Number of protein chains: 2
Amino acid sequence: MSRSHISVTDLVTEENPACPVAEVLDRVAGKWAIGILVAAAKGPVRFTELERRVEGISRRMLTLNLRKLEREGLLERTVYPTVPPKVEYTCTPMAMELHETLMTLVDWAKRHSADIARAQEAYDAAQAADVA
Amino acid sequence: MSRSHISVTDLVTEENPACPVAEVLDRVAGKWAIGILVAAAKGPVRFTELERRVEGISRRMLTLNLRKLEREGLLERTVYPTVPPKVEYTCTPMAMELHETLMTLVDWAKRHSADIARAQEAYDAAQAADVA
DNA sequence: CCGTATCCCATACGATACTG
DNA sequence: CAGTATCGTATGGGATACGG
């Protein structure tokens, strides 16, 4: 995430060369961001509940990603000073704007996961044939 | 990309526990994939042209990502055995289905990049205040 | 023109253990 | 409950040089 390079969107923003849109996309494009955002879209969610919903994520990675998303203004973190502590995460309106797009992405992945698996097999088979 | 964990979509596919949708999303979610796909959506593109359009990408990373996307069945690679060699990359129909969603994502990033920058500043300022 | 090969660093990530 | 700390590995990615 160094500031020294721009990646995606100079394609789209040719009038503004230093536009940081690429960085923004890089964030959403992390391994866990989409899962967390989708899991938090239905309403306030507690830390442990997120840990359950985003399957496979470690406690550490969940924390790091939550902090990052909060810093970007995509999640709001609310601490209730009770014992035991209670912390809730909520999508901001900005993040909610993204929700439909994210779901479309997930839906596309679902529809094509079999195609992709077949494509990979075919590709690998072709490679193996070239070696021989 | 180990096969041992599932991440995103158990949220969505609770009837199919071993669904590899998460992996698929992980691919699209890489640092360069979106940029490459968008750049290739307008028609057949040559290697060098991609190198120019996806600003900041190294030759190595472009090659690796092109191979990955080809293997997944998102790009088709056509070699013309001329001298000098000519290679064209084209989005498959499956990838084209994704194009609108990708553009929506890019558009969202453009609309909110300033908001995000401000959110980050505010967050950092709050952190600094907590230390003091 | 379209790559590959090598080296090396930064960071993402997981596992485990500890705490207010 | 909701984290933090520390450690170790794996992968991503840049720089450079070379090749068909």
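In what follows, chains carry the letters A, B, and so on, assigned in the order in which the sequence lines appear, proteins first and then strands, with residues in each chain numbered from 1. Being a predicted model, the structure only gives us computed values, none of them experimental.
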Self-check item: Atom-to-atom span, NZ of A:K31 to P of D:dT11 - whole angstrom
Solution: 10 Å
Self-check item: Separation of D:dA15 P from B:R59 CZ (nearest whole Å)
Solution: 13 Å
Quiz prompt | A:Q120 and B:E72, any side-chain heavy atoms less than 4.5 Å apart | solution = yes
Quiz item: Can you check whether A:Y89 has a side-chain N or O nearer than 4.0 Å to OP1 or OP2 of D:dC1?
Solution: no
Quiz item: In whole angstrom, what separates A:M61's CE from D:dG8's C1'?
Solution: 13 Å
Quiz item: Going by heavy atoms in the side chains, are B:L74 and B:C91 under 4.5 Å from each other?
Solution: no
Quiz item: More than 12 foreign heavy atoms under 6.0 Å from CD of A:E100: is that the case here?
Solution: no
Quiz item: Tell me: CH2 of B:W32 to C1' of D:dT11, nearest whole Å?
Solution: 16 Å
Practice problem: Tell me which of A:P84 and B:P85 sits closer to the 5' end of DNA chain D, going by the nucleotide each one is nearest to. | Solution: A:P84
Quiz prompt | salt_bridge(A:D107, A:K110) N-O dist < 4.0 Å | solution = no
Quiz item: Within this structure, what is the CD-to-P distance between A:E49 and D:dC1, rounded to whole angstrom?
Solution: 11 Å
Self-check item: Of the listed nucleotides D:dA2, D:dT4, D:dG14, the one nearest the side chain of A:T63
Solution: D:dT4
Self-check item: Distance test, side-chain N/O of B:T48 to OP1/OP2 of C:dC2, below 4.0 Å
Solution: yes
Quiz item: A:R46 near the nucleic acid: base, sugar-phosphate alone, or nothing, with a heavy-atom cut-off under 4.0 Å?
Solution: sugar-phosphate
Self-check item: Rounded distance in Å - CZ (A:R60) to P (D:dC7)
Solution: 12 Å
Practice problem: Mind calculating the distance between CZ (B:R52) and C1' (C:dC1) to the nearest angstrom? | Solution: 11 Å
Practice problem: Kindly point out which of D:dT4, C:dT4, D:dC1 is positioned nearest to the side chain of B:R67? | Solution: C:dT4
Quiz item: What is the nucleic acid contact for A:Y80, judged by heavy atoms within less than 4.0 Å: base, sugar-phosphate only, or nothing?
Solution: nothing
Self-check item: Nucleotide nearest A:V87 (side chain, heavy atoms from C-beta), chosen from C:dC13, C:dG3, D:dG3
Solution: D:dG3
Quiz prompt | Shared hydrophobic cluster, A:V45 / A:Y80 (ILVMFWY, side-chain heavy atoms < 4.5 Å) | solution = no
Quiz prompt | Separation of D:dG14 C1' from B:L62 CG (nearest whole Å) | solution = 14 Å
Quiz item: Hey, is the side chain of B:R77 poking within less than 4.0 Å of OP1 or OP2 on C:dG3, counting only N and O atoms?
Solution: yes
